[in-house]
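The structure appears right after this line, and notes come after that.
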Amino acid sequence: MRTFWDELALYLEYLKAIGVKTLPKKKAFERFLKLDLSPPPKSLAEIAKEIEGCTRCKLHRTRTNIVLGEGPENATLMFIGEAPGRDEDLEGRPFVGRAGKLLDQMLGAINIRRAEVYITNVVKCRPPGNRTPEPDEIEACLPYLAKQIKLIRPRLICTLGLVAAQTVLATTQPLSRLRGKIHEIDGIKVVVTYHPAFLLRYPSYKAQALEDLKLLKRLYEELK
Ligand code: SF4
């Protein structure tokens, strides 16, 4: 059985392989929770209008489309991933590539339809080469995520991957310490699991992801 340190070493190896040099700093997480969100947005269309042509961070230079998110404005459950990938950048929709297909399968495994949940990412533009978003990019983009959460007011959030978990929960703890628990931000319950792209690369973690999804499903049924 793998220890926490084995798992951490494996994850660091994975991050290195995909070109990650730095992880987001706590400062960005803290600011996320302290952001002044007033006045609240009236609709997703209003947020879409605001984000149009955004140049707040350097990711605007290489993106094709901004990927704000997709799903009902009154969704009970929100999924938050890391950043759009190549397919998402081309289509302007979240989770449409291979990782998106796996997310659909993960939802199917717990009998949740994609159409009933809201899906978005921490940053809304694709980082070049799918690298991990940098702290300044996350910080620049967080107000949009904060507005989405404030407008939709999901009762439950599922974060996908390390960056989303650490950003939403304002922590620097590793994923292995955050999984399997029910967290809470601003009265919203939060469950943490792996990013589908990570599961495609390391399928042996799918069993753990299924445990996370079962926890998510139980909470979702209770909150609906
Ligand atoms: S990632 Fe976010 S902050 Fe950066 S340019 Fe895109 S929308 Fe703007």
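Read the numbers this way: they start at 1 and go in the same order the structure lists the ligands and their atoms.
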Which residue from Cys57, Ala83, Pro127 reaches closest to atom 1 (S) of ligand 1 through any of its heavy atoms?
Cys57

Should you measure from each heavy atom of Ile51, which atoms of ligand 1 turn up under 4.0 Å away?
7 (S)

For atom 8 (Fe) of ligand 1, find the nearest protein heavy atom and state the residue, atom name and distance (0.1 Å precision).
Cys54 SG, 2.3 Å

Spacing of Cys141 atom SG and Asp136 atom CG [to the nearest 0.5 Å]:
11.5 Å

Check: Glu221 side chain, Arg218 main-chain N or O, donor-acceptor pair, under 3.5 Å
no

Begin with the C-alpha distance, continue with both residues' side-chain angles, and end with the deciding distance and a verdict on side-chain hydrogen bond (donor to acceptor under 3.5 Å, both in side chains) for Lys206 and Gln105.
CA-CA 11 Å; Lys206 282 184 180 174; Gln105 287 170 12; 5.5 Å; no

Close side-chain approach of Pro154 and Leu77, heavy atoms under 4.5 Å:
no

Which atoms of ligand 1 have any heavy atom of Arg63 under 4.0 Å away?
5 (S), 6 (Fe)

Note, Val191 side chain near Leu219 side chain (heavy atom, < 4.5 Å)
yes

Can you confirm whether Val190 sits close enough to Glu184 that some side-chain heavy atom of one is under 4.5 Å from a side-chain heavy atom of the other?
no

If you scan protein heavy atoms around atom 3 (S) of ligand 1, the nearest is Arg56 CB, 3.6 Å

What part of Glu137 sits under 4.0 Å from ligand 1 if we count only heavy atoms: the side chain, the backbone, both or neither?
neither

Suppose I only count heavy atoms of His60 and a 4.0 Å limit; which atoms of ligand 1 are within that range?
5 (S)

What's the shortest distance from atom 6 (Fe) of ligand 1 to any protein heavy atom, and which residue and atom give it?
Cys125 SG, 2.3 Å

Considering only the protein, which heavy-atom contact is closest to atom 2 (Fe) of ligand 1, and what is its distance?
Cys141 SG, 2.3 Å

State whether the side chain of Thr120 and the backbone N or O of Leu68 hold a donor-acceptor pair below 3.5 Å, judged by distance alone.
yes

